[in-house]
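Letters A, B, ... mirror the listed sequences (proteins, then strands); counts begin at 1.
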There are 2 protein chains.
Amino acid sequence: METTTDTQWLTEPQQRVWRSFLGATTLLMDRLDRDLRTAHDLSMPEYEILVRLSESPDRSIRMAELAAQIMHSRSRVTHTITRLERKGIVLRQQAASDGRGVTAVLTDHGFAVLEQAAHTHVNGVRAYLVENASAEEFDVLGQVMGRVVSQLDVNGTCATP
Amino acid sequence: METTTDTQWLTEPQQRVWRSFLGATTLLMDRLDRDLRTAHDLSMPEYEILVRLSESPDRSIRMAELAAQIMHSRSRVTHTITRLERKGIVLRQQAASDGRGVTAVLTDHGFAVLEQAAHTHVNGVRAYLVENASAEEFDVLGQVMGRVVSQLDVNGTCATP
DNA sequence: GGGAGTTTGTTGAACGCTCAACCACATGCT
DNA sequence: AGCATGTGGTTGAGCGTTCAACAAACTCCC
């Protein structure tokens with residue numbers, strides 16, 4: 001891959017930034033997840049799915065499309081949807097146009113759960129992230145993260161093992 | 001926790017930023033982890049531990065201190081160290097001063113593994129993150145993430161379930 | 001100096017994710 | 001039409017994480 005000589009190491013300040021980034025994401029995701037779990041028995045990945053479904057026409061999205069939107073593998077989405085289905089939050093439905101297709105549909109109960117959970121989640125995002133940046137800084141954050149996504153999210157499809 | 005009325009929702013642009021952030025961290029961590037695994041049979045959490053150990057006097061750190069540094073639970077570190085020990089990369093050692101204490105020590109072989117893996121990792125961080133930001137933007141990123149850490153990392157100790 | 005309370009580290013079960021293999025359907029080529 | 005290749009979704013095993021419970025050692029205070 002690389003020889004032992006051609007690697008440009010990070011400067012000390014760059015390293016500090018990188019470690020802050022690593023620490024911040026670890027703590028942030030952990031905290032948001034825990035908040036959702038304790039208050040609504042919902043994990044972050046589950047919550048993300050509910051949000052996407054709720055915004056979609058008919059509150060339903062094809063499995064592969066769902067996976068692409070939240071950057072998870074198809075397999076992972078299958079497992080998550082299975083759990084959500086068991087909780088009565090979501091249900092599976094054969095896609096009309098494509099014999100293989102399966103679409104996940106948000107149930108009324110699922111929508112109600114989401115309406116509750118959204119408060120917890122949004123308050124968390126504000127308190128832990130948004131409030132820690134000025135409007136300009138937050139903007140910069142968005143731009144950089146956007147570039148990372150477009151670089152790494154090759155052709156809009158997540159790693160599909 | 002909250003009533004149904006007092007939640008300040010995110011504006012549409014704020015939402016876009018948050019989703020970019022979520023997507024970027026998912027893709028980024030995934031990719032760095034995969035790169036390390038395929039090239040050096042090492043996960044990101046494992047790698048983080050090796051880095052901290054290598055920088056420490058005697059290449060050794062107490063378990064709890066290690067957990068605090070990388071923001072993982074003590075339990076998680078125990079498991080990870082157990083796996084690393086099995087690979088001969090690290091070994092456990094009774095702490096002199098404290099009867100309960102255990103310190104993890106990086107072996108020579110572990111250090112050699114790290115020397116290789118570091119190239120892969122740093123090149124990844126540069127290519128996927130650093131190069132996607134100007135110097136100023138990267139700086140802003142560091143400041144914001146730093147604030148998040150100091151808010152969420154209450155008294156320097158990670159969630160200790 | 002002898003308990004009450006705290007800190008350190010481990011354990012095992014349950015949960016969630018990854019990975020490779022797989023089937024079913026769709027598409028394209030000739 | 002018929003076969004090759006690609007896509008959509010699932011499955012189950014194995015791995016890594018969380019969580020609650022625990023034992024051992026330290027601290028403090030009377």
Can you tell me which nucleotide in D/dA20, D/dG16, C/dG9 comes closest to the side chain of B/R37? D/dG16
Just compare C/dG9, D/dG16, C/dT18 and give me whichever is closest to any side-chain atom of B/R62. C/dG9
Nucleotide C/dG16, atom C1' - distance to CZ of A/R86 in whole Å: 12 Å
Any donor-acceptor N/O pair under 3.5 Å between C/dG12 base and B/H79 side chain: yes
I'd like to know if the side chain of B/R19 pairs up with that of B/Q15 as donor and acceptor (distance under 3.5 Å, no hydrogens or angles considered). yes
Could you tell me which residues satisfy side-chain contact (heavy atoms from CB on, under 4.5 Å) with B/T78, sequence neighbours excluded, listed by chain and number? B/M63, B/T82, B/R92
Nucleotide N/O to protein N/O under 3.5 Å, stretch nucleotides 26-29 of chain C:
residue	atom	partner	partner atom	Å
C/dA26	OP1	A/G99	N	2.8

Closest non-hydrogen atom pair between A/N132 and A/A127, with its separation: ND2-O, 4.1 Å
Earlier contact from the 5' end, DNA chain D, for A/E65 and B/R76: A/E65
Kindly point out which of D/dG9, D/dC19, C/dT11 is positioned nearest to the side chain of B/T78? C/dT11
Is it true that B/D108 and B/R59 make a salt bridge, defined as a side-chain N closer than 4.0 Å to a carboxylate O? yes
Winner on side-chain proximity to A/S75, out of C/dC19, C/dG12, D/dT10, is C/dC19
A/E46 CD to C/dC15 P: how many Å, rounded? 12 Å
All side chain to side chain donor-acceptor pair (under 3.5 Å) counterparts of A/Y128, not counting sequence neighbours: A/R31, A/D35
Check this for me: does the side-chain of B/T82 come within 3.5 Å of the base of C/dT10 through a donor and an acceptor? no
